[in-house]
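Not measured: the values here are computed from a predicted model.
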Amino acid sequence: MESMEIDGGKTPSKGVNAGEEEKEKTKPIVLLLMGVPGSGKSTFCDEVMRISSRLWARVCQDTINNGKAGTKIQCLSLAASALKDGKSVFIDRCNIDREQRADFLKLGGPQTEKHAVVLDLPAKLCISRSVKRTGHEGNLQGGRAAAVVNQMLSKKELPKLSEGFNRITFCHDERAVKEAVNVYGSLGPLDSLPSGCFGQKNSDTKIQQGIMKFLKKADPPGNTGSEPTQKFIPNEIPVKKGSVFQRTKMGQRPSDESVEKFEKRNEVDITSTSGAISADSIPTLAFPSISTADFQFNLEKASDIIVEKVEEFISRIGNARLVLVDLSHGSKILSLVKAKAAQKNIDSNKFFTFVGDITQLHSQGGLHCNVIANAANWRLKPGGGGVNAAIFSAAGSALEVATKERASSLRPGKCVIVPLPSSSPLFLREGVTHVIHVLGPNMNPLRPDCLKDDYIQGCRILREAYASLFEGFISIVKSHGVVSKLNCGKSDEGIPTNDDQKTKREAVYESDKNKKCKGSQQDLEQKSKDKKVSKAWSSWAQALYDVALHPDKHKNVVLEMSDDVLVMNDAYPKARQHLLVLARVDGLDSIADVSREHISLLKTMHAVGLKWVDKFLSEDKSLLFRLGYHSVPSMRQLHLHVISQDFNSIHLKNKKHWNSFNTPFFLDSVDVIKEVKEAGTVTLKDDKFLAMELRCHRCRSAHPNIPRLKSHISSCQAPFPAALLQNGRLVSSEGTS
DNA sequence: GTTCTAGAAC
DNA sequence: GTTCTAGAAC
C-alpha cells in the first residue's frame, strides 16, 4: 500500500549541462489528469501552478467555453497553441478511457513529454466533493452525483505506458496527490522527470516491485512491452508468486480474444481497490452453453435462446455480469451469441463471451467469476466428459459432497445451487463461491431422456434452464448483498412532481384527443353524446382486430379460442406474464363501446383471464395479477389485459407503458363489470394519467425516470395500496383479495 | 402499439 | 459524454 515508496522520482532530476542539450531538457509536458468529477483534478493543477516556476497552461473542458463546458476539439486546439508558446499543459478533463486520451497524446509530437496523473481516490470522497461543489446538497443530488461518478468508474481504463505516456503517476490517497503536486510543482523550466509508472497500488508490493524490475529488464523503456505492469496481478485471490512471473514472462496468454476481453473489461480494476467498483467484487456468473455439446442441441436455436434470456434478465442483475464461456477459440456458439447480442445492443459490460477453461477463469484468464454454472447430468455425478467432468474434477470431492447434500438428481430445465466449501480448490484458486448445476434438454439419442427432434419441447426446456440458472444467480447475488446499492437507496423516494410539465400536458390533451377522432366537429359532438366516438385506427392499430376476426390466419399466436373470446400473449409483454383476452365480436373496438348487452361477454373475458391466472399461479406462486382495460387503448378491438404485477420486462420502456397499468387509466375488470351493470356504461379516465409522475405501484414512492423506477420495483416488497386489495382487483395464489 | 432519434437532462 | 425522454413516422 505504500504506493509512493516505489517512486524513484520524488525529486526531479535537475538538468545538467544546461545549454548544451537545451532542447532536450526543455521539452514541454502534456500532463493528462485522469479522474472522475470530484477527484481533485482542477485543484491539482491550481496547486502545481501556484508553486511552479515552469510555465503551465491549464486546459479545462468544464470552463473552456467562456466559463462553460466545451468540447474535446476546443481543448485540443487550446492545448496546441499553449504548446506553441512553449508552455507545458494540463489537460484537465476526466480522460477516463483510452479513447478519450488518444488525441491528446498526439499533441506536439515527440517534442513533448506525455505524462498522466491518475487521481484514483475513493469513490465516496469524489462523490461528496462533487455534491458540495455543485451546491446540491441532499439525497437526490447526492444520488445523482453518485450515479455519475460510478458510471464513469465503470468505464475507467487506467492509462498504460504503451498508449504513449512517458510517465504515469497513480495517486490512491490524498497524501499521494500531495506528493505528486510537489513533484510537478518543483519542476523548473529545465528539469525533467524519470519515465515509467509510479505509485501503482497492489495488495503485494513485493510482487509489484519484482514485476517492475523484471519488466525493466525484459522490456527497455519505450518498448510497448512494458505496458502491463498490472495485468496479471490478482488482487484478492491468493496466487503463487511464481505463477505470476511465469505467465508474464512466457506470455502464456489464454487466447487473443480472452486477453482482449480481459484488458477491456477487467484490467482496469484489478489493481484498484479504492474505486467503488472493482472487477473482483463484481458478481459474475460464468456459464457454458447448455445442451449444445453432448446433448446436440441446434446451435442457431440455442444461441437465440441464450441471447433472449440474457436480454430478459440483464435488467435484473444490477451491476453483476453474465459471461458465456467456451473452451475453444473457434467456438461456433460463442460467435453466434456474440453477434446476436451485439445486434440486440446488449450491454457488453454486463454480458460478454469469453474463451477459456471455466475451471481456470481467474488463474488463467484473469476473469474473476464468483459463480460458475455446470452443464450437469441428471444424476449430478462427476464424469461424462466436457464441462461436467472438468468442474467436478477441478472442484475436488468437496463439490460432490456439497452437491449430494442439496439434491440427488435433476430434471431437465431445472438447476440446483451449491455453495462451494472453502476447502475446494476452485474456491481457493479461482474464488468461486457457488456452482449452479443446470440440466438442459437432450437431443442426443444416445443419452437419457432424448427429445429426438422435438424442438418445441427442447426450446421450452432450454429457456427454462437458462431462466432458472439466471434466477439462481440473482438469488445468490441478492443474498450476498452485492447488487448495486445505488439504485435502491431511499434517496429515490419522495421526489416532487413536475407541476409545470403536468399543466402543459393537460393543456395539450384536448387538442390531441380531438385529433384522434375522425369526422367533422358536428359529427364528433353528436357521437360524443351517443358515447360512440370512434377513432380513425391506424394500420398498425388493427393487429388485434385482425386476430380476433381471422384467428385462422394467426394460429401461432392464439393460445385459446371460443366463439366469444380469444387468448393470446401480448406481443410486447410488460411483465413476466402478460396476456390479452380479446372479444371476438366485430364493432366492439374498446371499452368505450361497451354497454349492458355486453355484460355476459365481459364476465366471460374475466373468467377466461382468471383461468389463465390460475395456471400461471400454479407455476409460480409468487406472482400477483391484475385484470383490466385501458381507458383509451392504442389497439382496436376490446381486449382485457391479464398482467402480473412484477412489471419485469424489457418491453416496459416509458412513462406511458407504466402509467397505463398503474394509474386510474387502467380500469379493473371487476369495476368495469360492476359499473356497466349499474350505469350501463364505463366512465373513462382521460389520458392525462399517462403523463403523471412515476410512482411505485406498491409503496407509491415517486421516481425520476423509468430505469430508476424499474430498479426500485425489482425489490420493493411493500404491501399494495388498500384499494387494490379489495373487491378482487388483485389476484394472488391465496385467491382474490 | 413500436422504432428511431434529436435534444434535454444529468 | 452518456442516459433518458418525447415526438414523429410507421
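Both A:Ile706 and A:Trp540 sit near DNA chain C, but only A:Ile706 has its closest nucleotide nearer the 5' end. Mapping A:Ser539 and A:Leu694 onto DNA chain C by nearest heavy atom places A:Leu694 closer to the 5' end of the strand.
C:dG1 atom C1' lies 20 Å from atom CZ of A:Arg98, rounded to whole Å. In this entry the distance linking CG of A:Asn95 with P of C:dG1 reads 11 Å, nearest Å. In this structure, the CZ atom of A:Arg708 is 10 Å from the P atom of B:dC10, given to the nearest Å. The separation between A:Leu582 atom CG and B:dG1 atom C1' is 14 Å, rounded to whole Å. Separating the NZ atom of A:Lys655 from the C1' atom of B:dA9 is a distance of 13 Å, rounded to the nearest angstrom. The CD-P distance, from A:Gln542 to C:dC10, rounds to 17 Å in whole Å.
In this structure, the ring-ring contact (aromatic ring centres under 6.0 Å, His included) partners of A:His639, at least two apart in sequence or on a different chain, are A:His641. Residues forming a ring-ring contact (aromatic ring centres under 6.0 Å, His included) with A:Phe625 (at least two apart in sequence, or on another chain): A:Phe616.
Nucleic acid contact for A:Arg636: none, since no nucleic acid atom lies under 4.0 Å from a heavy atom of the residue.
The aromatic rings of A:Phe44 and A:Phe90 sit perpendicular to each other, their planes meeting at more than 60°, with 30° as the lower class boundary. Taking the six-membered ring where tryptophan is involved, the planes of A:Phe661 and A:Phe666 are tilted, since the angle between them lies from 30° to 60°.
Both cation-pi conditions hold for A:Arg636 and A:Tyr545: the charged atom is under 6.0 angstrom from the six-membered ring centre and inside a 45 degree cone around its axis.
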Using the 3.5 Å cut-off, write out each protein N or O paired with an N or O of nucleotides 2-6 of chain B and the distance between them.
from: B:dT2; atom 1: OP1; to: A:Lys574; atom 2: NZ; distance (Å): 2.9
from: B:dT2; atom 1: OP2; to: A:His657; atom 2: NE2; distance (Å): 2.6
from: B:dT3; atom 1: OP2; to: A:Lys653; atom 2: NZ; distance (Å): 3.2

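When A:Lys344, A:Arg463, A:Lys301 are each tested for a salt bridge (charged side-chain N to carboxylate O under 4.0 Å, His left out) with A:Glu308, only one passes: A:Arg463.
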